[in-house]
Amino acid sequence: MIGAALAIARVKLVLELRRREVVFAMLLFVAATIVIVHFALRADDGAGPRAAAGMLWAAVVFTAVLGLLRAFAAEAEEGALDALLLAPVDRAAIWLGSALAQFGFLVVVEVVAVPLWWLLFFQEEGPAPLPVIAALLLANVGIALVGTLAAGLALGARTRDVLLPVLVLPLAIPLVLAGVTATYGAFGEEGGGFGPLGPLGFLALYDLIFLALAWGTSEHLLGD
Amino acid sequence: MIGAALAIARVKLVLELRRREVVFAMLLFVAATIVIVHFALRADDGAGPRAAAGMLWAAVVFTAVLGLLRAFAAEAEEGALDALLLAPVDRAAIWLGSALAQFGFLVVVEVVAVPLWWLLFFQEEGPAPLPVIAALLLANVGIALVGTLAAGLALGARTRDVLLPVLVLPLAIPLVLAGVTATYGAFGEEGGGFGPLGPLGFLALYDLIFLALAWGTSEHLLGD
Amino acid sequence: MTLEECSKRFGERLALRKATLAVEPGETVVLLGPNGAGKSTLLRLAAGLLRPTAGHARIDGIDAVDAPRALRAGMAYAGHRSQLYRGLTARENLALHARLHGRALDLDGSRAAVGLADRADERIDGFSRGMLQRLALARATAHEPVLLLLDEPASGLDADGRTLLDHVLLEGRGRRTQLVASHDQDLPARLGARAVRLDTGRIA
Amino acid sequence: MTLEECSKRFGERLALRKATLAVEPGETVVLLGPNGAGKSTLLRLAAGLLRPTAGHARIDGIDAVDAPRALRAGMAYAGHRSQLYRGLTARENLALHARLHGRALDLDGSRAAVGLADRADERIDGFSRGMLQRLALARATAHEPVLLLLDEPASGLDADGRTLLDHVLLEGRGRRTQLVASHDQDLPARLGARAVRLDTGRIA
Amino acid sequence: MRALGRPSTTVPLILSLILVPLTVVLAFVWTGEDVDQGFSQKIFYLHVPVALTSYAAFGYGAFCAAMYLWRRDPEWDLRSYVGVHSGTIFGTLVLLTGPIWAKASWGVWWNWGDRQINVFLILFLYYCAYFMLRFSLDEGERRRSASAVYALLGVGLIPLSFLAVRIAETLIHPTVFTSSGAAMPSSFFLTFLVGLAGMLSLMALLMAVELRGKRTAMRVLELQRAARGEDA
Ligand code: HEM
Ligand SMILES: Nc1ncnc2c1ncn2[C@@H]1O[C@H](COP(=O)(O)OP(=O)(O)OP(=O)(O)O)[C@@H](O)[C@H]1O
Ligand SMILES: Nc1ncnc2c1ncn2[C@@H]1O[C@H](COP(=O)(O)OP(=O)(O)OP(=O)(O)O)[C@@H](O)[C@H]1O
Ligand SMILES: [Mg+2]
Ligand SMILES: [Mg+2]
């Protein structure tokens with residue numbers, strides 16, 4: 001099960017990242033995104049940590065959507081999904097493999113983007129790195145889980161369940177909220193609550209809940 | 001020439017809009033972007049027209065990029081591009097048709113997104129609607145022109161999906177600058193000039209220049 | 001493999017109408033019938049890739065859609081599309097397949113069998129139509145299935161490839177259950193197989 | 001249609017090596033050769049969809065890639081893929097084609113010709129393999145081309161469809177230039193056409 | 001394809017060997033200290049020539065791209081590539097010297113509020129993307145024309161971006177070359193001109209060397225293929 005999921009994840013990551021220039025392209029992409037958001041918001045007057053945190057998370061979400069749009073693109077091309085469905089592995093493994101690939105993709109982008117973001121915004125004093133990294137990782141898990149579920153639902157849908165995948169996307173909003181709050185906290189700013197859990201605890205809880213939900217439903221996810 | 005372009009544009013719009021989920025997903029994406037950027041920047045404390053304008057334009061640019069990723073998707077599926085290339089129409093017509101479809105797609109999304117934006121940000125007093133709408137339309141033209149050109153260039157590329165945003169985002173910068181300025185102006189705020197042209201005139205100039213460039217090169221665009 | 005009064009509806013179109021068919025273990029059956037008769041639909045039902053609108057498709061008495069992993073391990077289906085990843089090389093495609101089936105990659109066996117000896121490390125999006133079809137067949141037979149479902153396997157193959165395919169099917173006769181859709185009227189005779197004729201969703 | 005010492009390279013692979021071929025106006029030529037021989041590449045070069053790495057592909061003496069609109073109006077190419085929009089209906093696909101060729105849609109003519117009489121208003125992603133192929137052929141012949149390039153047009157067709165195809169090709173003999181790639185060794189004899197054999201990119 | 005002549009390497013080599021050291025001498029020995037900026041202003045003689053040279057290189061790349069689309073001679077494609085390439089090399093220098101000066105003069109490495117330098121960054125990214133596009137297409141006609149079209153689009157982007165920024169607002173980043181002439185002492189200006197000439201010859205040298213290398217590589221490939229009995 002885990003083995004199969006890993007094999008699938010590996011293939012999907014290889015497909016996306018095989019060419020070295022992809023990483024380079026992502027670097028350019030993130031830089032361009034940050035600059036554009038900068039211009040759009042006219043953040044010239046010392047926008048400070050708020051703008052910085054906002055831009056990071058906006059870029060993360062946008063990249064995630066971009067990635068999710070392609071979640072099952074390779075399988076759709078030549079009907080490779082049939083082969084996966086007929087292989088002696090659980091459907092949960094297919095979904096998990098895709099989610100892992102999605103997670104890996106996000107991590108790769110962030111490994112490039114976050115240092116860049118740091119460099120761009122904090123020449124002197126930045127936020128504490130650990131909470132930011134933790135928030136990003138937890139949010140990646142959540143986005144990958146929920147997003148892959150949505151993409152899987154959208155896969156077979158021609159007319160009936162068109163709305164289903166769309167309904168799943170807003171599920172990413174709590175992740176961003178918690179992520180931004182955690183990033184604020186890392187600046188020593190007032191993070192604005194999330195009660196006793198804290199934003200990181202909230203993210204972890206979110207991940208657990210959706211892992212359970214997605215796992216339970218993944219058998220019904222793909223195929224007819 | 002124009003007739004052929006219109007026929008192609010019609011087909012492409014029908015294809016996108018018939019797949020209702022694409023439009024829904026786009027709308028949702030726009031809404032989510034606005035809400036997320038809103039939350040991300042914690043614009044709760046009366047962020048004002050600046051943040052509002054910025055969010056609108058960031059959402060427009062990223063929606064456009066997502067749309068462009070699908071610009072030639074239908075043609076790629078079953079090799080329909082071959083048929084277009086062999087038809088007795090200029091390649092410029094194929095490109096123009098795709099650009100028109102892209103423009104139409106952006107308008108459809110904005111027809112829903114802009115009122116939403118208005119509702120979210122201006123319960124009392126909003127900007128003058130006309131300049132904002134004019135700026136959006138002019139910017140749509142520019143993005144559709146340039147973006148379709150870039151999508152055509154990236155067509156045979158192995159890493160098309162990461163490549164395209166990188167190709168398009170820099171080209172969109174002047175549009176964002178002018179669009180944001182025009183939106184400021186609509187609030188009666190100091191827009192910051194653009195000299196005698198004004199931001200709308202600048203957008204029109206942009207459209208004209210790239211129309212000329214794209215037209216001149218479009219014969220070299222698609223195919224081998 | 002049995003179909004019991006199996007029907008499949010797509011929207012308003014009935015692609016298969018109460019089809020009943022039993023293929024004995026080790027038997028080879030050739031599905032014949034005009035375009036749109038429902039051959040592909042029948043095969044996909046048999047593979048468990050589609051859920052019948054009415055009736056049952058069973059493998060060893062178990063509903064095909066819910067076939068447990070052990071059953072799927074002994075099954076293979078090759079349809080109109082190659083089921084391969086276009087961005088991977090031939091070797092990587094076969095390796096993934098082997099991995100999912102919990103087997104070691106037997107590249108020599110497979111590639112020799114389909115005559116792609118020197119192209120294993122090329123991305124398959126540069127392959128020609130027939131080369132893709134050969135690779136698709138290699139993939140389907142790599143894990144030595146006991147139930148082999150093939151949908152027009154000869155399409156795109158040259159004379160050589162068709163001989164090879166006949167050879168595979170003849171070799172499999174008696175050793176595994178084979179269900180092959182084809183437009184080749186002579187195939188049943190050549191394989192010494194039972195012919196089943198479909199027309200507008202009905203088994204004749 | 002002539003090819004003069006035409007070569008095509010994909011990366012390091014030479015798919016076609018100095019192929020020289022002249023098809024006279026009104027002549028029908030059948031391209032034969034094993035998988036990966038370069039048949040499809042040759043056809044795409046002839047259609048002007050690929051630019052030769054060396055040499056020239058010409059139609060009426062004009063370079064195929066730069067063929068002006070008037071020339072393309074009389075040309076048709078049907079390859080391994082259907083060149084149709086999956087999200088459109090059969091009628092919409094043919095209508096677009098007719099529109100681009102500046103013609104009125106002659107649906108009755110086309111659909112009768114391929115036997116899809118009652119399916120014109122269905123989206124083609126529900127079509128079976130053979131139905132798609134029929135529609136692709138209907139599209140390619142709808143504008144009465146004088147140069148017809150077909151790449152394995154019989155693939156996926158049932159007996160009926162193949163008869164129909166033979167009929168179309170026979171009818172076109174002498175009236176238009178036809179270049180057909182096929183794995184059917186009997187086709188040249190059946191059409192009374194010249195056979196040209198390709199092997200690993202070389203015309204034998 | 002060999003119709004275009006071989007670019008000379010000796011002339012630009014000699015010129016750069018004279019002009020570049022001369023700039024350094026002039027900058028440190030001849031010109032005085034800037035009243036506002038003091039010693040850190042010396043970087044002006046590197047920073048600005050390098051920036052203008054990068055524009056020149058991009059412009060050359062775009063010009064050759066247009067020529068390619070017109071003539072379809074692969075040699076123009078190579079030249080266009082070489083132009084864009086040295087443009088990015090000099091652009092990298094701008095992005096190194098600018099922040100160094102900025103650290104000395106503004107106290108930060110980068111000012112996100114300044115549109116002008118951000119726009120330069122975007123242009124730089126734009127031409128970085130040129131390489132991504134080029135190298136994700138297979139060698140051949142399609143790669144050449146796509147690269148050319150993209151390089152040519154930059155011709156629209158550069159003036160528009162600067163127009164957008166210049167007329168949009170006041171800048172932190174200085175503008176000395178105004179319509180009323182250069183706002184600086186003539187010794188500064190002369191040194192700057194020498195520096196510019198030096199950088200331009202350096203650019204010419206760089207492009208000539210790379211062009212030769214590329215041609216040789218292509219020739220080697222052709223010979224290898226010929227040795228294998230392949231003609232194209
Ligand atoms: C931080 C990064 C910087 C970048 C990326 C940068 C980039 C550029 C570029 C592209 C030009 C070329 C022409 C133009 O656009 O006007 C230029 C010119 C110039 N730069 Fe910078 N620069 C930077 C920092 C600075 C700093 C800190 C100073 C001095 C305080 C400075 C002083 C100048 C001057 C005097 C010119 C010539 C002005 C003119 O063309 O009118 N630069 N710079
Ligand atoms: N996904 C689908 N949606 C709608 N209709 C479908 C779908 N799949 C098949 N059909 C319809 O079901 C019928 C049978 O199709 P099927 O593909 O099984 O035919 P077939 O016998 O394989 O034909 P061919 O020889 O052309 O491959 C056809 O009328 C087809 O249009
Ligand atoms: N886009 C491409 N990239 C790389 N190699 C290619 C490409 N297209 C074709 N080839 C190679 O060129 C050779 C000829 O291919 P082509 O498709 O012309 O063969 P074919 O004669 O049509 O074969 P088939 O009968 O299988 O359709 C093959 O070796 C193939 O791998
Ligand atoms: Mg079928
Ligand atoms: Mg072929």
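Every heavy atom of this structure was used, including side-chain atoms; hydrogens, water molecules and symmetry mates were not. Letters A, B, ... are given to chains in the order of the sequence lines, protein chains preceding strands, and every chain is numbered from 1.
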Residue pair Leu85(B) / Arg72(D): nearest heavy atoms and the distance that separates them
O-NH1, 3.0 Å

With chain B as the partner, which of Met75(D), His101(D), His143(D) has the greatest number of non-hydrogen pairs under 4.5 Å?
His101(D)

Between Ala4(B) and Leu100(D) the two heavy atoms that sit nearest each other are CB-CD2, 3.9 Å

Counting heavy-atom pairs closer than 4.5 Å to chain B, which one of Ala73(D), Gly102(D), Ala70(D) comes out on top?
Ala73(D)

Stepwise, does the side-chain contact (heavy atoms from CB on, under 4.5 Å) test hold for Val11(B) with Glu92(D)?
CA-CA 8 Å; Val11(B) 159; Glu92(D) 287 166 334; over 6 Å; no

Is it the side chain or the backbone of Glu75(B) that comes within 4.5 Å of chain D heavy atoms, both, or neither?
both

Backbone N or O of Asp90(B) within a donor-acceptor pair of the Arg69(D) side chain at under 3.5 Å?
no

Between Arg81(D), Arg51(D), Arg44(D), His80(D), who has the most heavy-atom pairs with chain B when the cutoff is under 4.5 Å?
Arg81(D)

What part of Leu96(D) gets closer than 4.5 Å to chain B, counting heavy atoms only: side chain, backbone, both or neither?
side chain

Glu78(B)/Arg86(D) salt bridge by N-O under 4.0 Å criterion:
yes

Any sub-3.5 Å donor-acceptor pair from Arg99(D)'s side-chain atoms to Ala7(B)'s backbone N or O?
no

Check step by step if side-chain contact (heavy atoms from CB on, under 4.5 Å) holds for Tyr85(D) and Glu77(B).
CA-CA 8 Å; Tyr85(D) 285 96; Glu77(B) 271 178 357; over 6 Å; no

Gap separating the CG atom of Leu86(B) from the CD atom of Gln83(D), nearest 0.5 angstrom
7.0 Å

Would one find more than 12 heavy atoms of other residues, nucleotides or ligands at under 6.0 Å from atom CZ of Arg91(B)?
yes

CZ/Arg162(D): more than 12 non-hydrogen atoms of other groups inside 6.0 Å:
yes

Measure distances from Ala76(B) to the heavy atoms of chain D and classify the residue's part below 4.5 Å as side chain, backbone, both or neither.
backbone

